[in-house]
Structure formats: C-alpha cells, structure tokens
Number of protein chains: 2
Amino acid sequence: MSTRETTGYGQFCPIAMASEVLCRRWTTLILREMLCGSTRFNELRRGLPRMSPALLSTRLRELEESGLIERRGDGGEAATGYHLTPAGQALRPVIVGMGEWGHRWIESSASLANLDPSLLMWDIRRNLRPEPMPPGRAVVQFRFKELPAGKNRWWLIVDAGEVDLCYSDPGFDVDLYVATDLRTMTAIWMGFASINGEVKARRVFLEGDPRLAGSVQDWLRYSPFATGSTAAE
Amino acid sequence: MSTRETTGYGQFCPIAMASEVLCRRWTTLILREMLCGSTRFNELRRGLPRMSPALLSTRLRELEESGLIERRGDGGEAATGYHLTPAGQALRPVIVGMGEWGHRWIESSASLANLDPSLLMWDIRRNLRPEPMPPGRAVVQFRFKELPAGKNRWWLIVDAGEVDLCYSDPGFDVDLYVATDLRTMTAIWMGFASINGEVKARRVFLEGDPRLAGSVQDWLRYSPFATGSTAAE
DNA sequence: CAGTATCCGATGCGATACTG
DNA sequence: CAGTATCGCATCGGATACTG
C-alpha cells in the first residue's frame with residue numbers, strides 16, 4: 001500500500017530506518033521550518049517557495065504517518081495547524097547538527113550561489129530580536145540595489161514584540177533605511193561578514209534613526225548557524 | 001553538468017546545503033559503513049547488499065566531489081581504498097544522532113520486519129570484542145533454526161584479536177554453538193532483549209565451552225545504538 | 001486560506017551482464 | 001577484486017489549474 005516498501009533499505013539498522021523517514025526530498029527542510037515555529041500550510045510554503053503545494057501536502061501526510069507531526073485545528077478555528085510530536089521534536093539536534101555541519105564544511109561560495117531575497121527576509125523576520133531596539137514602533141526598510149525597482153524593497157515593522165514583513169509599502173514612516181546588495185546581506189546573515197565591517201567597506205548603507213542604526217548588530221540576530229568557524233579550504 | 005542543479009533546493013540555508021549532500025538514497029548508509037571502518041568497495045557492498053554496484057560507484061564519486069571522502073591506493077597496492085576526509089568525519093555526530101533517534105522512536109517491530117542474517121552477522125563481526133573471551137582461538141557457530149539447511153549457519157573465528165566471518169564450514173572445531181532464530185538474535189542485537197534472558201526463555205541455546213558461554217554477554221558487543229530506552233508507545 | 005487534481009517529463013535506480 | 005555498461009520501468013516531483 002505505502003510506497004515505502006519499495007523505497008526501503010531492508011535493513012534493521014536504526015540509521016537505515018531513520019533515513020527512510022528523513023532522507024526524502026524536502027523533508028529535512030519541512031522539519032527545519034517547523035522547528036523554527038511554523039505551523040500553517042502557507043507559512044510552510046513561504047519558507048519552501050520552490051516546493052509545490054501538492055508535494056508539501058504529500059510530505060506532511062507522510063510525516064504524520066511516521067509520527068513526527070500531528071495536525072489539529074488551532075484555536076477553535078476550522079483551519080488546521082501542524083505540530084511536532086515529541087518524536088519530531090527529538091529530531092532537533094539532528095537537524096541542527098546538519099546545519100552546523102553545512103555551515104562549517106560547505107564552501108560559503110556555494111551557499112551564496114543560492115541567493116533569494118524573500119527567503120532571506122523571511123529568515124531575518126523570524127530571528128529578529130526586538131528587545132535591543134529602542135522602545136515603540138520601528139519600521140526598517142531594506143533595499144537591494146541590484147534588483148529591479150518595484151521588486152527590491154522589504155519593510156520590517158516591529159511593534160510590541162511582533163515582527164511583520166511587508167513586500168509592498170505599508171505606508172508608515174521609515175525609521176531606518178538599509179541599502180545594500182543581496183549577496184552582501186546574505187553573507188552577513190550567514191556570518192561570513194559582519195554588518196559593521198560591511199558598513200565601513202561601504203557595501204551597506206544605513207540611514208535614519210541613529211539609535212536603530214547603532215544597535216543593528218544587536219537586533220539583527222544572525223542565522224542560528226552563523227557561529228563558529230568555516231572550513232579553512 | 002552535475003545533475004545537482006536540478007535537485008538543489010535553491011536555498012542558502014546550511015541545512016538545505018547539507019541535505020543536498022546527505023539526503024540521497026543510500027548516502028547515509030555509505031557513511032555509516034565508512035564511519036564503522038569500511039574502506040574497500042566490496043567491503044562496502046557487504047554492508048549494503050541491496051545496493052547495486054553501479055549506484056555505489058556513483059555515490060562514491062559524488063561523495064568524493066562533495067569532499068566527504070577521498071580515494072587512494074592503500075598500502076602500495078594498486079587497489080583503491082576510500083577514506084573519510086575531516087569533513088566526512090565531522091558528520092559522525094549527525095549520523096550517530098540519526099541512529100539514536102531511530103532506535104528511540106521507531107517501533108521495534110518495524111526494525112524487526114527487516115531481518116537479514118548476513119547483515120546481522122556482518123554487524124556482529126565488526127562489533128565483537130575479543131578481549132573478554134578466553135585466550136587462544138575461539139570458534140563460534142551461529143545457527144538460525146528456521147532458515148533452510150545449508151544456508152543457516154555462520155562461523156565466527158576469533159584469533160589474536162582478529163575476527164573472521166565464514167558462511168561455510170571453516171573446518172575448525174567449534175568451541176561454542178549458538179542456536180536461535182533470526183528475530184530473537186536481531187532483537188538481542190538491537191537491545192530489545194538480553195541474551196541471558198532469551199537463554200532462560202529457551203529461545204537461545206548455548207552449547208560448548210562454559211567460559212565462552214558464560215561471558216557471551218561481554219564479548220557479544222551489542223549494536224552501538226542498543227542503549228537508552230525506546231519510545232513507550 | 002488550505003489544500004486537490006491532473007498531467008507528463010525527467011531521472012533515479014534496480015537488475016543483469018560484462019571487463020581490466 | 002573493483003568496478004562499468006546498458007536497459008528500461010517506476011516513481012518522483014515540477015507545473016499548472018482548480019476547489020471547498
């Protein structure tokens with residue numbers, strides 16, 4: 001019935017059993033998204049833009065069958081949400097370990113060959129730390145200079161600990177303008193460069209509220225994997 | 001050129017980059033074999049009996065391109081051996097983590113649906129600890145009663161710290177006979193049961209040198225993952 | 001918003017046979 | 001022993017359109 005019989009390895013080894021669950025296309029990335037807190041279908045899609053909805057649906061059902069996630073109505077609404085089971089949560093160190101390995105051993109140039117502004121901004125949104133920011137609402141506009149006008153600006157609206165990401169002008173006054181190119185911002189995000197260094201090198205330009213600009217190193221939380229060293233190739 | 005462009009995820013995230021390397025069919029199992037010490041092509045095949053040599057060859061080349069392994073002539077012979085690079089060694093905690101997760105969270109019945117006597121014996125061979133055995137050569141015969149005669153016996157020859165596995169009678173006098181069924185022996189190996197308990201339950205029969213039989217719990221090193229608990233489903 | 005339905009092309013990969 | 005060569009099917013999964 002399940003297509004798993006043909007794809008199995010036929011080995012009792014737990015690594016083989018785990019690989020049958022994990023080592024399918026997109027599966028680790030779905031888990032990454034869920035470990036980062038995504039629970040809704042379209043929220044997941046946002047972090048997996050190149051994945052078709054049909055395949056996402058299939059994978060979610062497989063993960064449910066494998067006992068890694070469960071679906072349930074959230075907050076009494078009809079809408080369903082996906083949540084990690086204890087078995088799914090237990091995979092955190094494995095997924096994180098894969099990320100740490102990738103950060104350490106994959107050449108940075110390979111990562112930087114996969115630039116994607118919406119993924120980058122989506123990632124920044126969910127890791128931004130509002131606490132070091134000055135109190136009150138803050139609106140930060142990112143502009144990637146080399147992208148076509150009309151498709152090159154993102155707005156982060158931070159208010160009362162909530163972070164919103166907009167792809168079109170939300171109409172608020174902007175407190176801080178960040179202008180750079182996509183590769184530089186991604187390199188900063190990955191920990192391959194520091195934002196203050198890139199400002200000095202005039203590859204990043206900050207304009208606006210000096211308190212926001214001065215604390216950018218603090219509230220712009222880098223990718224969870226942007227620690228430690230990279231391979232000295 | 002590489003087929004990787006089409007299989008990539010298009011994400012700069014290190015988990016995605018690592019998944020592109022690791023999450024392909026058989027790859028984690030090849031790494032498992034190499035982390036356990038296998039270096040030769042046919043040695044790898046032995047641990048991956050359902051994998052075709054063509055695919056193994058392809059995967060090894062991919063792993064080499066990804067910088068996880070390197071091939072070199074061993075000991076001056078023409079024969080090539082495969083060895084993990086530092087990047088490959090660095091995956092040990094990830095692979096081990098997958099195994100620990102699988103052991104903890106995959107139901108034991110699923111693992112025990114994948115019985116394979118030659119894999120089991122190959123695994124026992126490489127984890128057997130000669131030290132707790134009485135000094136001198138020891139020959140242990142395993143017999144799986146339900147398998148067809150002529151295909152149900154394996155011999156382990158332990159001599160001077162070396163362990164050899166034979167599928168046909170090596171001709172030596174046998175010091176210890178172990179008779180059981182494949183499922184029971186696999187369950188013991190996985191840590192789902194204890195050998196002494198299974199002897200008491202008369203599902204395992206030991207006959208021969210009492211010193212060997214008495215120390216079986218010590219020299220029969222269980223699978224590296226046979227620790228900790230399993231999920232209380 | 002949260003998915004399904006359908007289609008079809010690419011390719012992964014298993015089986016088998018063969019070679020230096 | 002250490003792989004290549006070849007073949008062909010199955011299925012994986014990408015694209016697009018549609019629905020409750």
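So you know, we letter chains A, B, ... as the sequences are listed, proteins then strands, and number each from 1.
Each of dA2(D), dC1(C), dG14(D) was ranked by its minimum atom distance to the side chain of Asn42(B); first place goes to dA2(D). The side chain of Arg25(B) approaches dC13(C) more closely than any other nucleotide in the set dA2(D), dC13(C), dG3(C). Closest to the side chain of Leu55(A), out of dG3(C), dA2(C), dG13(D), is dG13(D).
Checking the phosphate oxygens (OP1, OP2) of dC13(C), a side-chain nitrogen or oxygen of Arg59(B) falls inside 4.0 Å.
Between Tyr82(B) atom OH and dA2(D) atom C1' there is a gap of 7 Å when expressed in whole angstrom units. Across the protein-nucleic acid pair, Met51(B) atom CE and dG14(C) atom P stand 8 Å apart, rounded to whole Å. If you measure from atom CH2 of Trp26(A) to atom P of dG14(D), you get 7 Å, rounded to the nearest angstrom. When rounded to the nearest whole Å, the span between CZ of Arg24(B) and P of dG14(C) equals 12 Å. Computed from coordinates, the Arg40(A) CZ to dG3(C) P distance equals 9 Å when rounded to whole Å. Rounded to whole Å, the distance from CG on Leu48(B) to C1' on dA15(C) is 17 Å. If you take CD of Glu64(B) and P of dG3(D), they are 10 Å apart, rounded to a whole angstrom. Rounded to whole Å, the distance from CZ on Arg46(B) to P on dC1(D) is 10 Å.
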Residues 166-177 of chain B side chain polar contacts: donor-acceptor under 3.5 Å, at least two apart:
unit_1: Asp169(B); atom_1: OD1; unit_2: Gly171(B); atom_2: N; d: 2.7
unit_1: Asp175(B); atom_1: OD2; unit_2: Val139(B); atom_2: N; d: 2.6

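Residues satisfying the salt bridge (charged side-chain N to carboxylate O under 4.0 Å, His left out) criterion with Glu70(B), sequence neighbours excluded, are Arg72(B). Residues meeting the side chain to side chain contact (heavy atoms under 4.5 Å, CB included) test with Glu162(B), sequence neighbours left out: none. Under the salt bridge (charged side-chain N to carboxylate O under 4.0 Å, His left out) criterion, Arg59(B) pairs with Glu62(B), sequence neighbours left out. Shown here are the salt bridge (charged side-chain N to carboxylate O under 4.0 Å, His left out) partners of Arg126(B), two or more places apart in sequence or in another chain: Glu33(B), Asp123(B).
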Polar atom pairs (N or O), protein with nucleotides 4-9 of chain D, under 3.5 Å:
unit_1: dT4(D); atom_1: OP1; unit_2: Arg61(B); atom_2: NH2; d: 3.3
unit_1: dT4(D); atom_1: OP2; unit_2: Ser57(B); atom_2: OG; d: 2.4

Exercise. Under 3.5 Å for both distances, Watson-Crick or G-U wobble, that's the pair rule; now give the dot-bracket for DNA chain C, with | marking pairs to another strand and [ ] for crossing ones.
Key: ||||||||||||||||||||
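Put simply, CG on Leu22(B) and CD1 on Ile15(B) are 11.5 Å apart, with the number rounded to the nearest 0.5 Å.
Screening Val140(A), Leu128(A), Asn127(A) for a side chain to side chain contact (heavy atoms under 4.5 Å, CB included) with Val163(A), the sole residue that qualifies is Leu128(A).
For the salt bridge (charged side-chain N to carboxylate O under 4.0 Å, His left out) condition, no pair includes a residue of residues 147-159 of chain B, sequence neighbours left out. Sorted by first and then second residue, the ring pair (Phe, Tyr, Trp, His ring centres under 6.0 Å) pairs involving residues 15-51 of chain A (not counting sequence neighbours) are Trp26(A)-Tyr9(B).
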